[in-house]
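What follows is a single structure, written as structure tokens, with notes after it.
Just so you know, these numbers come straight off a predicted model, no measurement behind them.
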Amino acid sequence: MKNKYFWGGNPRNDLLFSDKNCKEMLGINNQYDKIILFMPTFRKSKIINRIDSTSDFPIISSKNISEINSFLKENKVLLVIKPHPYQNDIEFLNLEFTNIIKFTNEDLAMKNVLLYELLGQVDALVTDYSSVYFDFLLTQKPID
């Protein structure tokens, strides 16, 4: 009976250890010493009639994004922002910065990159109460 089963792991979490070069596929070059992925959950939904917070977006705002970008540039760090698919569009995230980029689900799909493949290749994760926190623990990389 034992030979009839195959232990395949958790398909989503298995992608954390993919050999696919997601950084190259996304056009992320090697000028950065570290890459941090920022994945907050939604606050205000564009799809469902739901508001979970009075703030549009956590931590980063139109008032401090330039200062954050300068800090990241000085330290050769790239911040990849992956908004939740339900999140309302945040206008200031559509601006161009040297060390901050945004990828939506659609952007990743166009580049043939699965979110958890990318997640496994970043150096650290910043999130809030998103469940991705527990999956990222498997990588044993920094998380905040």
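For Gln140, there are no side-chain hydrogen bond (donor to acceptor under 3.5 Å, both in side chains) partners at least two apart in sequence or on another chain. Considering only residues two or more places apart in sequence or on other chains, Asn105 meets the side-chain hydrogen bond (donor to acceptor under 3.5 Å, both in side chains) condition with Lys82. Not counting sequence neighbours, Asn21 has no partner by the side-chain hydrogen bond (donor to acceptor under 3.5 Å, both in side chains) test. When the side chain to side chain contact (heavy atoms under 4.5 Å, CB included) test is applied to Ile68, the partners found at least two apart in sequence or on another chain are Ile60, Asn64, Leu72, Ile100. Remark: Lys20 engages Glu117 in a salt bridge (charged side-chain N to carboxylate O under 4.0 Å, His left out) (not counting sequence neighbours). For Tyr32, there are no side-chain hydrogen bond (donor to acceptor under 3.5 Å, both in side chains) partners, not counting sequence neighbours. Phe71 is linked by a side chain to side chain contact (heavy atoms under 4.5 Å, CB included) to Asn75, counting only residues two or more places apart in sequence or in another chain.
Note that the OG1 atom of Thr139 and the CG atom of Leu119 stand 7.0 Å from one another [nearest 0.5 Å].
Here the shortest heavy-atom pairing between Cys22 and Val113 reads SG-CG1, 3.7 Å.
Listed by first and then second residue, the salt bridge (Lys or Arg N to Asp or Glu O under 4.0 Å) pairs involving residues 65-75 amount to none (not counting sequence neighbours). Applying the salt bridge (Lys or Arg N to Asp or Glu O under 4.0 Å) test to residues at least two apart or on different chains, the pairs with a partner in residues 134-143 are Arg12-Asp135.
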Listing, residues 90-98 side-chain donor-acceptor contacts under 3.5 Å, not counting sequence neighbours, or none:
| unit_1 | atom_1 | unit_2 | atom_2 | d |
| --- | --- | --- | --- | --- |
| Asn94 | OD1 | Lys102 | NZ | 2.6 |
| Asn94 | ND2 | Asp89 | OD2 | 3.1 |
| Thr98 | OG1 | Asn69 | ND2 | 3.1 |

